[in-house]
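Beneath this line is the structure, given in structure tokens, with notes to follow.
Small disclaimer: the values here were computed from a predicted structure and weren't measured.
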Amino acid sequence: EKDMAKAFRHYEAAAMGGDVHARHNLGCIEGEAGNCDLGLQHILISAKLGNEDSLNTVKKMFMAGLATKADYAAALRGYQNAIKEMSSPDRDEAKALGFMKIKEM
């Protein structure tokens, strides 16, 4: 049996520590529990920090009428800004080489 309360506490601690995936998971848990507004807020934060899954979740929520067009637009802008901030020539080179080439080095 899974201890969801314990998992939730761990996700909260990780999210407060800056873990983007934990923030996404908190949003999903809150949404499934019926707290759609709180879940959306977690998902929006995660999307604005560069989590693509969160961006896609906001898009799905918008299409289902659970998020506004402004929510999706803000998530998209935040996501794009986060990706732009994380880009660097070294990362671009690594991406061009591919994971297997890097592993061989």
Check your understanding: Roughly how far, to the nearest 0.5 Å, is the CG atom of N35 from the CD atom of E30?
Key -> 4.5 Å
Review point. How would you list all residue pairs meeting side-chain hydrogen bond (donor to acceptor under 3.5 Å, both in side chains) that involve residues 61-87, not counting sequence neighbours?
Key: T68-D71
Check your understanding: Partners of A14 by side-chain contact (heavy atoms from CB on, under 4.5 Å), sequence neighbours excluded?
Key -> D19, A22
For residues 37-46, which side-chain N or O atoms pair as donor and acceptor with protein atoms under 3.5 Å away, sequence neighbours left out?
from : atom 1 : to  : atom 2 : distance (Å)
H42  : ND1    : R23 : NH1    : 3.1
S46  : OG     : V20 : O      : 3.1
S46  : OG     : S54 : OG     : 2.8

Practice item. For atom CE of M63, decide whether the heavy atoms of other residues, nucleotides or ligands shown that lie under 6.0 angstrom number more than 12. Key: no
Review point. Which hydrophobic side chains are connected to M4, either touching it within the sub-4.5 Å cutoff or through other members that do?
Key: F8, Y11, L26, I29
Check your understanding: Would I83 and L76 show up in the same hydrophobic cluster when neighbours are defined by side-chain heavy atoms closer than 4.5 Å?
Key -> yes
Review point. Partners of N56 by side chain to side chain donor-acceptor pair (under 3.5 Å), sequence neighbours excluded?
Key: none
**Study point:** Non-neighbouring partners of K6 that pass side-chain contact (heavy atoms from CB on, under 4.5 Å), sequence neighbours left out
**Key:** D3, R9, H10
Review point. What pairs with D53 under side-chain contact (heavy atoms from CB on, under 4.5 Å), at least two apart in sequence or on another chain?
Key: H24, N51
